[in-house]
Structures are given as structure tokens and as C-alpha cells.
Asker: 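I'd like to ask some things about the structure below.
In listed order, ligands and their atoms are each counted from 1.
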Amino acid sequence: MQKDPVFEPLKFERLSEGEQNRRSEEFAGRMLRRRSVRHFSREPAPIALIKRAIRVAGSAPSGANQQPWTFVVVSDPDLKRKMRIAAEAEEKESYERRMSQEWLDALAPLGTDWQKPHIEDAPVIIVVFRQAYGIRLDSAAGEERRYRHYYSEESVGIAVGFLLAALHISGLATLTHTPSPMKFLSEILDRPANERAFVLIPVGYPAEDANVPAISKKPLEDIMVWP
Ligand code: IYR
């Protein structure tokens, strides 16, 4: 049962060149200052900012507009504690046994290890889940059916980019953390079978004494090719 498309006029605001430059510079100036933060203060984060950032993430383009994502916002200290304990158990195993020397060498400049106090310190942890497939009620058959999701990895990746940008612009610090494997997150957060944990994002304010590795980004000339 193929649906006919319904169109509506595009709402597009054409900006003056001056305004384009002003906004572009302001956004770039702010985004270029984003850093991944691993030391969080326990100060609470304004929930209105978190919700607005998730609305922005949910506006991301996705394969067939299927929006194959769920953002689980965790502020409950017991849940955060459970997640930290489980993440550290997996990470300890990874750092001590599963990761290759090549991988450990690549990570060395970041100074990371298996300890993840930020999962408890940050006031909010957003766990992003990717819906590997969708589920809908087939009313004729009276049962739930699975349907395919297209490009769900790419779609969720784009939404996470929107989310990180929105949180950063709101003055909040974030970290993209991917403990591996992440199955424990489905269990602790009681997620359905079609959802796979994609990334765990501590959100909040940096600790007073937070530091970050002195690393840099590649210059434009190294990342852009314009044949
Ligand atoms: N998941 C581990 C290891 C790790 C892997 C990569 I690739 C990083 O960029 C950073 C860390 C951890 O979170 O420590």
C-alpha cells in the first residue's frame, strides 16, 4: 500500500549576505570551541535545555524519515550508578584484554582508561538508542509486525551530531562515550528488543579542575578537496 506524497510550500528564509556571514561566523566560532569533557561537576543541568536539544536532534534528516532513534534521559542516581558499574566492568576487560596494542596506542594521547566517574558525576546521561527495525500494528492480522529501517546507523549518527551541537550552543559540556559492548544499557534501561545502544552522552558542566588533552583538529586544507 503505497502512499501518494503530499507537498506543501517550503518555508525558507533567504538571508542577506551580511546576515549569512554573521551567523556562519558566530556558529563556527562557537562550535570550534567545543571540547569533549571527561571531568564533570555534579551541578544539575537545566532540563529545558536538554529537552530542547533533543527536539533539535529529533529534527535531523533520517532514512525515509523513519526517525529511528530513542533518547533516554537518565538523571536517577541509582540508574547512573548501575550504568557506571557495568560500563567500568566492560571497559576494564576491554582496556586490559580486548583492545589491540595498536588501538591502545591510538588512544594514548587522549589519556583515557577504564574508569568512568563521569557516568555518575554528570547530572544527566543521554543514552541514544538506534531502532534497528520498526514495529507497527497490522490491524488486519491483529498483531505487531516488524518493518525495515533504512540507513539507521547514518541517521542516528546525524541526529547525535545535531544533539551535541545543540547542547554545546546551550552552554553545556558533553562527552561521546561508547563502552563496548553496550548491551548492558538495554538491560539497565529496560529497552525493547529493536533498540540498540548507540552512544552514551554525559551532559552537564565541567568540574572546576577539568582538563582536556592538548590535541588539535586537522586544518581545512587537510580535510577538504575541491577538484
Ligand atoms: N570505549 C573506550 C575506549 C575508547 C575508544 C575510542 I575509538 C575513543 O575515542 C575513546 C575511548 C572508552 O570510552 O574509554
Asker: Hey, which atoms in ligand 1 end up nearer than 4.0 Å to a heavy atom of H177?
Answerer: 12 (C), 13 (O)
Asker: Nearest to atom 3 (C) of ligand 1, what protein heavy atom do you find, and at what distance?
Answerer: Y95 OH, 3.3 Å
Asker: Does the Lys NZ or Arg CZ of R136 fall within the cation-pi geometry relative to Y147 - under 6.0 Å from the ring centre and within 45° of the axis?
Answerer: yes
Asker: Is there a donor-acceptor pair closer than 3.5 Å between any side-chain N or O of Q66 and the backbone N or O of Y150?
Answerer: yes
Asker: At a 4.0 Å threshold, what atoms of ligand 1 neighbour a non-hydrogen atom of L107?
Answerer: 3 (C), 4 (C), 5 (C), 6 (C), 8 (C), 9 (O), 10 (C), 11 (C)
Asker: I'd like to check which ligand 1 atoms, numbered from 1 as shown, lie under 4.0 Å from a non-hydrogen atom of T178.
Answerer: 1 (N)
Asker: Under 4.0 Å from a heavy atom of K116: which atoms of ligand 1 are those, numbered in the order shown and with their elements?
Answerer: 12 (C), 13 (O), 14 (O)
Asker: Using modelled atom types only, decide if a donor and an acceptor are shared between the side chain of N194 and the backbone of Y133 within a distance under 3.5 Å.
Answerer: yes
Asker: Check W103 against ligand 1 and report side chain, backbone, both or neither, counting heavy atoms closer than 4.0 Å.
Answerer: side chain
Asker: State which residue, out of E195, E154, E153, fulfils the salt bridge (charged side-chain N to carboxylate O under 4.0 Å, His left out) condition with R130.
Answerer: E153
Asker: Number the atoms of ligand 1 from 1 as they appear, then name those within less than 4.0 Å of a heavy atom of E91, with their elements.
Answerer: 1 (N), 2 (C), 12 (C), 13 (O), 14 (O)
Asker: For the backbone of I188 and the side chain of R191, can you confirm whether one donor and one acceptor N or O come within less than 3.5 Å of each other?
Answerer: no
Asker: Check for a donor-acceptor pair, side chain of R98 on one end and backbone N or O of E90 on the other, with a separation under 3.5 Å.
Answerer: yes
